[in-house]
Amino acid sequence: METIGVVQTFSTIATGYLFHCENATVKVELFNAHTIRVNAIRNNKSFEDFSYAITTPPSKTEHQFFESNEQYVIQTEKIKVLISKTRLRIQFLTLQGQIIHQEHPSFGTGWFGNEVASYKSIQPNEIFVGLGEKTGNLNRRGSSYTHWNTDYFGYPTNGDPLYLSTPFYIGIHSALCYGVFYDNTYKSIMDFGASNDRFTTFTASDGEMDYYFFYDDNIAGILKHYTALTGRVQLPPLWSLGFQQCRYSYYPDKEVINVARTFREKDIPADVIYLDIHYMDEYKVFTWHPERFPNPNDMVDELHRLGFHVILIVDPGVKVEEGYPYYEEGIKKDLFLKYPDGELYSGKVWPGTCHFPDFTNPEARKWWGQKYKIHIDNGIEGYWNDMNEPATWGKRVPDVVEFNYEGIGASHRKGHNVYGMQMARSTYEGTKELLEGKRPFVLTRSGYSGVQRYAAVWTGDNTASDEHMMCGIRLINSMGLAGVAFAGYDVGGFAGEPSNELFARWIAIGAFSPFFRCHSMINSRDAEPWAFGEEVEEISRNYIKLRYRMLPYIYSIFYEASQTGMPIQRSLVIDYMNDTNIYNNNYQNEYLFGPSVLIAPVPSTQMISKIYLPEGGWYDFFTDKYYEGGKEILIETGKDKIPIFVKQGAIVPIQRAVSHANGDPGDTLEIHIYKGIRNESFVYYEDDGAGFDYEDGMYYRREILFNPKNKSLTLKMKEGNYHSKFKKSRVFFHGYNETELHPKIAGIELDIITTDYRFVAPVTDFDPWHYSTDKSKVIKDLYYTKIELEDAEFVLKW
Ligand code: GLC
């Protein structure tokens, strides 16, 4: 290995320091007190500062710099960075001197030919999590992964690599946590002590060693810093948080309308119907099949009347065909990928032989983005970019193929992993412009770190098995740990056919995933929520309705994600990283949906399940039964019931069920609070859910504070100029009994409405927010009624 060698001199630059070494130059840049970049290049190379992932430049960071005989020290308000002079090695320490993370003393960073590698010591009992769309366990220790976006139909549940690469992980040891992002788009391997227990390695086939180190007190902080750098999900259109129905493929138009109508007739809420590749004429992008969809505008209008949005699949391959305008224009404008000798690259996909726009060329992105006009004019607001690894039938794009790479130029080796992300970007930016003020929705299969700025991501072609259902849940947990907060899996399984039990279980869990869509493969059985018999239909309806009832909560947590990078689906590691039980194979799939709803996914074959409740107190969502946390419990998990628990002290705003996200939720916001012991808060957020006026202050944001000791609930003064769609609120108390509630608000006596004791509601009245579904239990509905929602601060005391 060619090493960096001894440090000879150093120099100061505006953003940090350059260490000039025997064989290489190492730039250490301070992005902020928590974020440090290390960029090493060999002395015959120059620094390349362009990155598709990074959105934010370094900011002026207060720090101290010392030099001793052995080392240099850079110290921010949060981290001490030690740079040893012999064989340059970097260590990151707490201000108290505890090692957080360090380059391996013997190997450090270096090169094997063009391959660049960094070796980091494994700390005692260190755990590694994150890495995005990677199969395997929550704890990555002992595994290794490749970053090379790959079309992988029906991948096994240990398959690697899949479609998306986000080389960012979080290390946990000694009650400390940190993050490392290796910003290198070449094919790379990340090894977490797979074959030894000495070091982790990151090895890229070429490019620079360019990594970012993040340190904070908790994982939420690490995610905040990582997403400050690579971007956060944007507020999505509200409709995209509803239920979405897909299949490969619904056609003709009558069939599409028929499916949409059936949702309404059957009273199953839904917002989206997808058109997969058969809507096109010979699979040619930006066309319609003349017989199957003779009048797309009429169809889309009818779907809008039914409260549906349409999402179209748009793949990157442009069919090679004389007279096809997109092919001819792409050639004329020189926007397709080419070989260095000028010949166009061709690969086979659905339409046959295709050329591929070079989405790393800004001109090509713009061109492609504008092409959506034809579909925006059809009234279509959502787009699904598939096959953008890019995938060609069983073949790899040859390495020699050239990419524009923002004018810098690169071969396929460097361009491959960002192709999908840049396609999603082109779609996002193009449709945003064309939609003139409405929020676009983009779904992508492939991407690289930062893709979250442009698109939601789904986990590709899974299969209909319990194992895959659980694997998908872990993938979304881990994507949430890599900035990709808006993500989901094909509910029901893409390939193969689920049993009734599996479908029911999958849809129940899917209702608590960020992106909620059913999808299935061509030539497979019908897989709509009503296709599995009445009982499963009922279960599907119930859970989909629950999802819609929770929209005020869900939208607020998307707002949080857009502000802080906190995922929607939160692996338990985020809040309980020091609890070894959460890494147990049986419990590693559990997650919090938002801050306070715990989902313990279990296979459909399990009718009684052992689950783990982390420390604190938990209420069974269905019965309000209280459980002390830090324990394993056995719980019944019938066909219609997945384990859901609400955290003690939770504040959960919900609404009445609607048939689609923009349906009328009535005038009452329900605020559910669960008795707790500590002060808690929740930021409630609302806006028009459709456009960008929130950027100009048209939002409604209010902090809700719950003080169980003082027995008060405070709605802080409203911020923003938007008027809430809710005029009133009802507060529901969970974990309280009647005698604990004394209604007094500013001298006004309020009624406590105690509804009659109710026995189990029939399944058709599935309403766990209010009634027990547990036959042996009766629960009582305790709430204050008719609180007028005013803009000023409002305190409810009891
Ligand atoms: C790919 C996608 C799948 C889609 C199919 C046809 O396999 O992953 O979701 O249905 O192509 O377009």
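Both counts, for ligands and for their atoms, begin at 1 and track the order of listing.
Side chains of Ser411 and Asp399: no donor on one and acceptor on the other come within 3.5 Å. Side chains of Ser446 and Tyr419: a donor-acceptor N/O pair is absent below 3.5 angstrom, by distance only.
Residue pairs meeting the side chain to side chain donor-acceptor pair (under 3.5 Å) criterion with at least one member in residues 493-510, sequence neighbours excluded, do not occur.
Between Lys366 and Glu363 there is no salt bridge, since none of the side-chain N atoms of the basic residue sits less than 4.0 Å from a carboxylate O of the acidic one. Between Glu429 and Lys432 there is no salt bridge, since no side-chain nitrogen of the basic residue lies less than 4.0 Å from a carboxylate oxygen of the acidic one.
For a heavy-atom separation below 4.0 Å, the residues in contact with ligand 1 are Tyr248, Asp276, Ile277, Ile313, Trp350, Trp384, Asp386, Arg445, Trp458, Asp461, Phe494, His519.
Residues Tyr383 and Val314 come closest through the heavy atom pair CD2-CG2, 4.1 Å.
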